[in-house]
Amino acid sequence: MKLVPPFDAETARLKVQAAQDAWNSRDPVRVAAAYTPDSVWRNRSEFVTGTDEIVAFLTRKWEREHEYVLRKSLWAFGGNRIAVRFQYEWHDDEGQWWRSYGNENWEFAESGLMRRREASINDVRIAESDRRVDPNSTDEIPAV
């Protein structure tokens with residue numbers, strides 16, 4: 001099955017799962033392969049354009065976000081757009097654990113590659129014992 005627009009409930013859900021799987025690989029090149037060569041991102045307050053910048057951004061991200069594990073959930077879809085909510089957990093160099101909550105809006109080219117990604121993200125300091133995103137599971141994200 002090709003995951004190209006227009007999306008229906010099944011293809012949108014599969015597109016979200018594919019994105020989650022790629023991001024959990026923590027492989028910047030694998031993740032960047034899902035985007036158009038001229039893809040435009042807003043990630044928090046950072047603006048990124050093109051796959052080379054995506055790879056550089058993700059490389060920096062995963063150098064400081066250790067043991068990163070992500071869960072995404074389909075929020076809405078229509079035509080060539082998908083909206084997701086997500087949570088991910090990670091720890092910094094000092095061992096402090098964080099849970100990052102966010103929403104993303106995605107827009108796709110006819111090829112199925114993402115041409116626009118806008119992400120709003122907030123970080124919450126947590127104790128390691130408060131972790132709830134299981135790195136060995138692909139279940140839906142836990143309730144907030």
Side-chain angles (χ1 to χ4, degrees), residues 1-93 96-126 128 130-144:
M1 169 184 307
K2 288 190 81 174
L3 301 179
V4 298
F7 297 107
D8 60 26
E10 180 180 6
T11 57
R13 185 188 58 74
L14 290 171
K15 196 68 155 173
V16 172
Q17 184 64 55
Q20 176 179 292
D21 293 346
W23 281 71
N24 278 327
S25 76
R26 290 177 264 170
D27 178 346
V29 173
R30 177 180 172 190
V31 174
Y35 297 87
T36 62
D38 61 347
S39 185
V40 176
W41 283 21
R42 180 187 58 77
N43 193 88
R44 302 176 191 251
S45 61
E46 191 166 348
F47 296 85
V48 176
T49 302
T51 51
D52 288 344
E53 288 186 19
I54 291 169
V55 169
F57 170 87
L58 293 172
T59 299
R60 286 190 315 274
K61 172 185 179 63
W62 289 320
E63 285 174 351
R64 70 179 183 277
E65 294 181 0
H66 308 292
E67 296 187 60
Y68 173 99
V69 61
L70 165 75
R71 292 295 172 268
K72 291 185 182 280
S73 179
L74 177 64
W75 188 259
F77 65 91
N80 69 337
R81 294 183 175 155
I82 295 175
V84 299
R85 65 186 185 99
F86 62 87
Q87 295 178 26
Y88 62 90
E89 293 174 345
W90 55 282
H91 69 83
D92 59 26
D93 288 336
Q96 174 60 58
W97 281 92
W98 300 88
R99 183 175 304 118
S100 301
Y101 296 94
N103 299 294
E104 292 177 329
N105 296 315
W106 300 342
E107 183 178 271
F108 294 87
E110 289 179 9
S111 65
L113 296 177
M114 194 181 305
R115 67 176 168 214
R116 183 170 199 83
R117 173 184 174 267
E118 297 193 18
S120 297
I121 307 167
N122 299 302
D123 301 317
V124 176
R125 182 184 303 255
I126 62 171
E128 184 174 5
D130 291 333
R131 292 183 65 204
R132 62 183 185 203
V133 180
D134 181 352
N136 300 311
S137 171
T138 58
D139 292 343
E140 282 280 314
I141 62 174
V144 176

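None of these values were measured; they are calculated from a predicted model.
Ring geometry, His66 versus His91: the interplanar angle falls from 30° to 60°, so the pair is classed tilted.
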| message | Let's go through Ile82 and Trp75 carefully: what are the C-alpha distance in whole Å and the side-chain angles of both, what is the deciding distance for side-chain contact (heavy atoms from CB on, under 4.5 Å) to 0.1 Å, and is it a yes or a no? | response | CA-CA 8 Å; Ile82 295 175; Trp75 188 259; over 6 Å; no
| request: Determine, step by step, whether Arg44 and Asp123 satisfy the side-chain contact (heavy atoms from CB on, under 4.5 Å) criterion, reporting the C-alpha distance in whole Å, the side-chain angles of both residues, the deciding distance to 0.1 Å, and the verdict. | output: CA-CA 11 Å; Arg44 302 176 191 251; Asp123 301 317; 2.8 Å; yes
| request: Kindly indicate, with the supporting measurements, whether the criterion side-chain contact (heavy atoms from CB on, under 4.5 Å) is fulfilled by Glu67 and Trp90. | output: CA-CA 5 Å; Glu67 296 187 60; Trp90 55 282; over 6 Å; no
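Inter-residue side-chain proximity for Val48 and Tyr35 is flagged as unmet; no heavy-atom pair is nearer than 4.5 Å. The shortest distance between side-chain heavy atoms of Ile121 and Phe86 falls below 4.5 Å. Residues Glu89 and Arg132 form a side-chain contact, since some pair of their non-hydrogen atoms from C-beta on lies under 4.5 Å apart.
Once rounded to the nearest 0.5 Å, the distance linking CD of Gln87 with OH of Tyr101 reads 5.0 Å. For the atom pair Arg125 CZ and Asp130 CG, the distance stands at 13.0 Å (nearest 0.5 Å). For the atom pair CZ (Arg115) and CZ (Phe108), the distance works out to 10.5 Å, reported to the nearest 0.5 Å. Rounded to the nearest 0.5 Å, atoms CE (Met114) and CG (Asn80) are 11.0 Å apart. In this structure, CG in Asn105 is found 7.5 Å from OG in Ser120, a value given to the nearest 0.5 Å. To the nearest 0.5 Å, atoms CG (Asp27) and OG1 (Thr59) are separated by 9.0 Å.
By the side-chain hydrogen bond (donor to acceptor under 3.5 Å, both in side chains) test, Trp97 pairs with no residue at all, sequence neighbours left out.
A salt bridge between Asp21 and Arg30 is absent, with no side-chain N of the basic residue lying under 4.0 Å from a carboxylate O of the acidic one. For the pair Glu46 and Lys61, the salt-bridge criterion is not met [side-chain N within less than 4.0 Å of a carboxylate O].
Considering all non-hydrogen atoms of both residues, Lys72 and Glu104 come closest at NZ-OE1, 2.6 Å. Summarising the geometry of Ala9 relative to Phe77, their closest heavy-atom pair is N-CZ, 3.4 Å, with the distance given to 0.1 Å. Contact between Thr11 and Phe7 at its shortest, heavy atoms only, is OG1-CA, 3.4 Å. Here the closest heavy-atom approach between residue Leu74 and residue Arg13 is recorded as CD2-N, 4.1 Å. The minimum heavy-atom distance linking Leu113 with Ala33 is given by the pair CD2-O, 3.4 Å. For the residue pair Gln96 and Ile126, the shortest heavy atom distance occurs at NE2-O, 2.8 Å.
Donor-acceptor pairing under 3.5 Å is lacking for the side chains of Arg116 and Thr36. At a cut-off of 3.5 Å, with distance as the only test, a side-chain donor of Arg117 or Asn43 sits close to an acceptor on the other residue.
In this structure, Trp23 has its ring center no closer than 6.0 Å to that of Tyr88.
Within 6.0 Å of the CZ atom in Arg81, the count of heavy atoms belonging to other residues, nucleotides or ligands does not exceed 12.
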